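First the structure, in the form of structure tokens, and then the observations on it.
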Amino acid sequence: MEPGTIDNLSILYQSSDFIVVNKHWDIRIDSKMWYETLTLQSQLKYRFPELADPDTYYGFRFCHQLDFSTSGALCVALNKAAAGSAYKCFKDRLVTKAYLALVRGHVGQSRMTIRYAIGKNTTEGMTHMMCIDGTEGCENPKPCQSELIVLEHGSYSGDPVTKVLLQPLTG
């Protein structure tokens with residue numbers, strides 16, 4: 001995927017209740033900071049100015065979050081009822097999430113369950129990151145499980161890599 005610009009928002013699905021977009025990597029979902037000129041919020045306002053809701057803080061009801069560096073499908077509710085319905089689905093864990101990732105090195109097993117407690121990293125300069133229990137500065141770690149499936153081995157810039165599918169089970 002090419003870097004995000006104000007006008008290259010990809011729509012995966014649209015109805016009267018929801019828009020599902022393909023969020024670009026290295027783009028924030030929203031921001032009220034003057035220097036954050038390119039966000040998903042600004043892309044949506046540019047593409048769909050008529051759908052922006054002035055009664056909401058950011059103009060749109062984001063049903064969930066994706067990290068700044070993460071690209072992928074992100075659901076936006078277009079009204080209060082749809083937002084409530086989506087919230088209930090996430091709260092009741094009816095939503096299935098999956099991530100495609102390229103990891104450094106060759107993963108030896110074809111499938112595994114990863115079990116680590118994950119917490120907030122309080123180390124200076126790393127506060128935007130998560131960490132595993134036992135790592136210095138790891139605060140309030142909670143149990144977490146994800147299923148990992150190896151899809152392919154290869155190389156990237158001469159280094160060994162593995163393409164994996166990750167499905168969070170808990171956490």
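Everything numeric in this text was worked out from a predicted model, so none of it was measured.
Inter-residue side-chain proximity for Val164 and Leu151 is flagged as unmet; no heavy-atom pair is nearer than 4.5 Å. Counting heavy atoms from C-beta on, the side chains of Leu44 and Phe62 come closer than 4.5 Å. Between Leu78 and Arg61 the shortest side-chain heavy-atom distance does not fall below 4.5 Å. Using a 4.5 Å cut-off on side-chain heavy atoms (C-beta onward), Asn140 and Lys120 make no contact. Side-chain contact between Lys97 and Pro168 is present, with heavy atoms from C-beta onward closer than 4.5 Å.
Thr135 places no side-chain N or O within 3.5 Å of a backbone atom of Cys138 that could act as its donor or acceptor partner. His106 places no side-chain N or O within donor-acceptor distance of the main-chain N or O of Thr162, the cut-off being under 3.5 Å. Side-chain atoms of Asn79 come within 3.5 Å of backbone atoms of Ala82 as a donor-acceptor pair (strictly under, hydrogens ignored). Judged by distance alone, with hydrogens and angles left aside, the side-chain atoms of His153 form a donor-acceptor pair with the main-chain N or O of Val107 at under 3.5 Å.
Under a hydrophobic clustering in which Ile, Leu, Val, Met, Phe, Trp and Tyr are joined whenever their side-chain heavy atoms come within less than 4.5 Å, directly or via other members, Tyr99 and Met129 fall into different clusters. With hydrophobic clusters built from ILVMFWY side chains whose heavy atoms lie under 4.5 angstrom apart, Val20 does not share a cluster with Leu40. Tracing side-chain contacts under 4.5 Å through hydrophobic residues (I, L, V, M, F, W, Y), one reaches Phe48 starting from Leu74; they form part of the same cluster. No chain of hydrophobic side-chain contacts below 4.5 Å, direct or via other Ile, Leu, Val, Met, Phe, Trp or Tyr residues, connects Leu148 to Leu102. No continuous path of ILVMFWY side-chain contacts below 4.5 Å connects Val95 to Leu169, so the two sit in separate hydrophobic clusters.
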task = Apply side-chain contact (heavy atoms from CB on, under 4.5 Å) to Ile19 and Leu51, showing your working.
result = CA-CA 10 Å; Ile19 295 176; Leu51 297 179; 3.7 Å; yes
query = Step by step, would you call Lys23 with Phe68 a side-chain contact (heavy atoms from CB on, under 4.5 Å)?
reply = CA-CA 9 Å; Lys23 180 192 149 322; Phe68 171 73; 5.7 Å; no
task = Could you go through the side-chain contact (heavy atoms from CB on, under 4.5 Å) check for Ile114 and Leu166 one step at a time?
result = CA-CA 10 Å; Ile114 301 168; Leu166 293 163; 4.3 Å; yes
request  = List the steps and the verdict of side-chain contact (heavy atoms from CB on, under 4.5 Å) for Leu94 and Lys88.
outcome  = CA-CA 8 Å; Leu94 300 174; Lys88 183 170 176 22; over 6 Å; no
Anything under 3.5 Å between a donor and an acceptor, one on a side chain of residues 7-16, the other on a protein residue two or more places apart or in another chain? List them.
unit_1	atom_1	unit_2	atom_2	d
Asp7	OD1	Thr5	OG1	2.8
Asn8	OD1	Thr5	N	2.7
Asn8	OD1	Thr5	OG1	3.1
Asn8	ND2	Glu2	OE2	3.1
Asn8	ND2	Pro3	O	3.1
Ser15	OG	Asp17	N	3.1
Ser15	OG	Phe18	N	3.1

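Taken to the nearest 0.5 Å, the CZ atom of Arg115 stands 10.5 Å off from the OG atom of Ser146. Between Asn121 atom CG and Met130 atom CE the span is 9.0 Å, to the nearest 0.5 Å. Separating the CZ atom in Phe90 from the OG atom in Ser85 is a distance of 10.5 Å, to the nearest 0.5 Å. Residue Ile118 holds its CD1 atom at 9.0 Å from SG of Cys131, rounded to the nearest 0.5 Å. Between Arg28 atom CZ and Asp67 atom CG the span is 10.5 Å, to the nearest 0.5 Å.
Here the shortest heavy-atom pairing between Leu165 and Ala98 reads CD1-CB, 4.1 Å. Lys45 and Phe60 make their closest contact through CG-CE1, 3.5 Å (heavy atoms, listed as atom of the first residue, atom of the second, distance). When every heavy atom of Ile29 is checked against every heavy atom of Leu66, the shortest pair comes out as CD1-N, 3.3 Å. Of all non-hydrogen atoms in Gly4 and Leu38, the two that sit nearest each other are O-CD2, 3.2 Å. Listed here is the closest heavy atom pair of Ala77 and Cys63: N-SG, 3.5 Å. Closest non-hydrogen pair, Ser69 versus Trp25, comes out as O-CB, 3.5 Å.
Side chains of Thr113 and Glu147: a donor-acceptor N/O pair is present below 3.5 angstrom, by distance only.
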